Engineer: 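Before anything else, here's the structure in question.
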Amino acid sequence: MSDVALLQGVRAALAHPQGHYIDGQAVTGNGDAFPVINPATGQTLAEVRAADGAQADAAMEAASAALAGWQAMPTLARGTLLLKLADALAAHREELAQLESLCSGKTLMLARMLEIEQSVAFLRYFAGWAGKISGETLDVSLPSFNGEKYTAFTRRQPVGVVVGIIPWNFSIMIAIWKLAAALVCGCTVVLKPSEFTPLTLLRVAELATGCGIPPGVINVVNGDGKTLGPRLIAHPHCAKVSFTGSVVTGQAVSQAAMAGGKRVTLELGGKNAALFLEDMEVDAIVNGIIEAGYLNQGQICAAAECFYLPVGKMDPVLAALRQRLEAMRIGSPLDEGTEMGPVANRPQYEKLLNLFAQARQEGSEIICGGYALDRDGYYIAPTAIRVTDPQATLMREETFGPVGTFIAYENDADALALINASPSGLAASVWTHDMAKALRYSEQLEAGMVWINMHTFLDPAVPFGGMKDSGIGREFGSAFIEDYTNLKSVMVRY
Ligand code: NDP
């Protein structure tokens with residue numbers, strides 16, 4: 001197999017320095033240039049000139065100026081524009097997937113299926129909310145002395161300009177979650193992609209303008225998160241921040257937002273657990289582990305990192321898993337036959353190598369992997385590590401890589417206690433044929449999302465978000481309405 005040929009549009013996007021998308025136009029940055037590195041080669045792919053403070057402010061001004069026109073548009077017309085954007089993404093699926101695969105190391109197949117096709121599905125789902133976001137009428141109990149009557153109703157009004165801060169693992173799809181929710185509620189957005197994946201969202205914004213979404217409704221600014229992020233959050237026009245990323249950065253974002261009295265939703269990482277009960281067969285467990293832990297090189301916020309197995313199942317499962325992981329086709333993300341590409345960037349690569357060294361130091365058993373491949377780029381062998389100490393570093397530190405940590409349990413209650421001792425609570429899964437047991441676990445597991453006999457899959461109709469350190473607020477379903485609108489009460493005497 002070999003790499004697919006890059007489309008002309010992709011080559012053109014890489015050929016000249018990229019910047020930002022502000023008020024319906026691509027603009028060059030006034031700040032320092034930074035390289036976009038292809039994680040499959042370690043080589044520079046393209047160059048981006050960062051936004052300076054004035055450009056960040058210009059994006060916020062553009063988003064604010066666009067609010068009135070966007071809100072004046074009939075709601076269904078806004079929904080229709082989101083549908084058009086969905087169609088445009090579908091029509092440019094290959095171009096966007098190639099660009100994203102180059103920047104992030106995601107396999108082209110996954111970029112097509114998850115980044116683009118899921119983004120299209122989410123856009124269509126959110127477009128369907130147009131015309132359905134409404135308040136309610138309320139029964140008022142105030143006394144009437146002279147025959148006067150009372151009534152009250154609530155309205156859902158857009159919060160205003162939303163700052164969306166996006167990580168590198170799904171730079172299109174996570175941006176679409178925020179953008180679509182904001183736009184259907186009547187908000188406008190300024191999106192800040194990760195410095196590692198700054199290109200594709202620029203093209204999405206350009207496509208949005210081509211669909212008729214007015215200038216200023218979607219703006220994209222690139223640059224260093226530590227300077228640009230706080231500047232956008234502190235801007236007087238910022239009404240709400242929607243952040244996805246690490247716990248540490250999320251806490252800083254939350255403090256900055258709260259200090260300015262801005263609303264904030266945080267979708268943060270975690271140390272997600274997959275619990276396999278005694279009745280599961282070895283083959284089914286291994287399939288479940290691959291689904292839960294190794295998709296996109298494990299770089300999925302909801303992916304499982306800790307696998308809890310009954311003592312008696314541990315050895316046969318690890319033997320079979322090792323065979324499967326060692327047989328994985330690792331290679332260029334642009335090769336359609338590749339099952340696993342590189343991790344997305346050098347910091348991620350170095351973090352994983354450090355964690356492996358620490359695991360060895362602590363006496364954990366490396367079942368397979370635990371090393372970098374001897375080739376250019378940031379390739380890490382799919383890894384399985386058995387630990388016996390629940391306090392081991394790998395039981396606490398999020399790896400965000402193709403690494404499963406395996407711990408045996410004697411009885412279900414011990415496993416549950418261990419899982420719930422984690423400070424994070426984004427997602428968990430329980431695997432069993434005993435549905436009564438599974439439903440009990442779904443109540444007891446402290447996670448915002450619990451899967452039964454599945455893991456990782458998200459659906460636009462099902463709310464998603466974390467408990468404990470893993471976040472505040474929920475995306476999808478109807479839950480997003482709370483976050484992107486103000487609830488206004490109107491009381492009337494007549
Ligand atoms: P970060 O949390 O560091 O970055 C996420 C986004 O926040 C990026 O756009 C980043 O910009 C921006 N940012 C950085 N500092 C600030 C700040 N002070 N204020 C506002 N925005 C800021 O995550 P990384 O991308 O570095 O990934 C590291 C870890 O995050 C992963 O190993 C994983 O643990 C976790 N993660 C979790 C995800 C989830 O979905 N829950 C998704 C991705 C990562 P810039 O890139 O320019 O620094």
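Keep in mind that what you see is a predicted model, and the values were worked out from it rather than measured. Just follow the structure's listing: the first ligand is 1, and inside any ligand the first atom is 1.
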Engineer: Just say parallel, tilted or perpendicular for the rings of Trp168 and Phe400, cut-offs at 30° and 60°.
Structural biologist: perpendicular

Engineer: Of all the non-hydrogen atoms in the protein, which one sits nearest to atom 10 (C) of ligand 1, and at what distance?
Structural biologist: Lys192 NZ, 3.9 Å

Engineer: Would Glu117 and Arg112 count as a salt bridge (charged side-chain N to carboxylate O under 4.0 Å, His left out) here? Give the steps.
Structural biologist: CA-CA 6 Å; Glu117 288 173 16; Arg112 289 172 183 156; over 6 Å; no

Engineer: Counting each atom of ligand 1 from 1 as listed, which ones have a heavy atom of Pro167 under 4.0 Å away?
Structural biologist: 42 (C), 43 (C)

Engineer: Counting only heavy atoms, tell me which of Lys226, Glu195, Glu305 gets closest to atom 47 (O) of ligand 1.
Structural biologist: Glu195

Engineer: Would you mind listing which atoms of ligand 1 come within a distance below 4.0 Å of any non-hydrogen atom of Gln348?
Structural biologist: 32 (O)

Engineer: Check this for me - ligand 1, Thr244, N or O atoms closer than 3.5 angstrom, yes or no?
Structural biologist: no

Engineer: Look at atom 21 (N) of ligand 1 and find which of Pro193, Gly225, Ala252 reaches it with the closest heavy atom.
Structural biologist: Gly225

Engineer: Heavy-atom pairs closer than 4.0 Å: do any link ligand 1 to the side chain of Glu267, the backbone, both, or neither?
Structural biologist: both

Engineer: What are the atoms of ligand 1, with element, lying closer than 4.0 Å to any heavy atom of Asn169?
Structural biologist: 42 (C), 43 (C)

Engineer: Which residue and atom name correspond to the protein heavy atom nearest atom 2 (O) of ligand 1, and how close is it?
Structural biologist: Ser246 OG, 2.7 Å

Engineer: Where do Leu334 and Ser101 come nearest, in terms of heavy atoms and distance?
Structural biologist: CD2-OG, 3.7 Å

Engineer: Are any of the N/O atoms in Val253 less than 3.5 Å from those in ligand 1?
Structural biologist: no

Engineer: Looking at Gly269, which atoms of ligand 1 are within less than 4.0 Å of one of its heavy atoms?
Structural biologist: 41 (N)

Engineer: Any protein heavy atom sitting closer than 4.0 Å to atom 32 (O) of ligand 1?
Structural biologist: yes

Engineer: Nearest protein heavy-atom contact for atom 26 (O) of ligand 1: which residue, which atom, what distance?
Structural biologist: Trp168 NE1, 3.8 Å

Engineer: For the backbone of Leu445 and the side chain of Asn420, can you confirm whether one donor and one acceptor N or O come within less than 3.5 Å of each other?
Structural biologist: no

Engineer: Please work out whether any backbone atom (N, CA, C, O) or any side-chain heavy atom from C-beta onward of Phe170 is under 4.0 Å from ligand 1, and answer side chain, backbone, both or neither.
Structural biologist: neither

Engineer: Ligand 1 versus Leu228, non-hydrogen atoms closer than 4.0 Å: side chain, backbone, both, neither?
Structural biologist: neither

Engineer: Near Leu268, which atoms of ligand 1 are under 4.0 Å from a heavy atom of that residue?
Structural biologist: 41 (N)

Engineer: Minimum heavy-atom separation for Ala257 to Val264, with atom names?
Structural biologist: CB-CB, 3.9 Å

Engineer: If you take all heavy atoms of Pro198 and Val48, which pair is closest and at what distance?
Structural biologist: CG-CG2, 3.8 Å

Engineer: For atom 19 (N) of ligand 1, tell me which residue out of Pro230, Ala257, Ala256 has the closest non-hydrogen atom.
Structural biologist: Pro230

Engineer: Which of the numbered atoms in ligand 1 are below 4.0 angstrom from a heavy atom of Lys351?
Structural biologist: 32 (O)

Engineer: Starting from atom 39 (C) of ligand 1, what is the nearest protein heavy atom, named by residue and atom, and what distance separates them?
Structural biologist: Cys301 CB, 2.8 Å

Engineer: A quick test of your reading: do over 12 heavy atoms of other residues, nucleotides or ligands sit less than 6.0 Å from CG of Asp32?
Structural biologist: no

Engineer: Any idea which protein heavy atom is nearest atom 12 (C) of ligand 1, and the distance to it?
Structural biologist: Ile165 CG2, 3.7 Å

Engineer: Let me know which of Glu482, Lys240, Arg474, Glu475 forms a side-chain hydrogen bond (donor to acceptor under 3.5 Å, both in side chains) with Thr265.
Structural biologist: Lys240

Engineer: Looking only at heavy atoms, what is the nearest atom pair of Ala372 and Tyr349, with distance?
Structural biologist: CB-OH, 3.3 Å

Engineer: Out of all atoms in ligand 1, which are within 4.0 Å of some heavy atom of Gly223? Include the element for each.
Structural biologist: 47 (O)

Engineer: Using 4.0 Å as the upper bound for N to carboxylate O, is an ion pair formed by Asp335 and Arg329?
Structural biologist: no

Engineer: Heavy atoms only: give me the nearest Arg360-Gly369 pair and the separation to one decimal.
Structural biologist: NH2-O, 4.2 Å

Engineer: Going by the side-chain hydrogen bond (donor to acceptor under 3.5 Å, both in side chains) test, name the single residue among Glu305, Gln348, Lys351 that passes it with Thr399.
Structural biologist: Glu305

Engineer: For residues Leu416 and Tyr441, determine if any side-chain heavy atom of one lies less than 4.5 Å from a side-chain heavy atom of the other.
Structural biologist: yes

Engineer: Could you check atom 37 (C) of ligand 1 against the protein and tell me its nearest heavy-atom contact, residue, atom and distance included?
Structural biologist: Gly245 O, 3.3 Å

Engineer: If every non-hydrogen atom of Tyr294 is compared with every non-hydrogen atom of Thr383, which pair is closest and at what distance?
Structural biologist: OH-O, 2.7 Å

Engineer: What is the closest protein heavy atom to atom 14 (C) of ligand 1, and at what distance does it sit?
Structural biologist: Thr249 CG2, 3.6 Å

Engineer: What protein heavy atom lies closest to atom 9 (O) of ligand 1? Include the residue and the distance to one decimal.
Structural biologist: Ile166 O, 2.8 Å

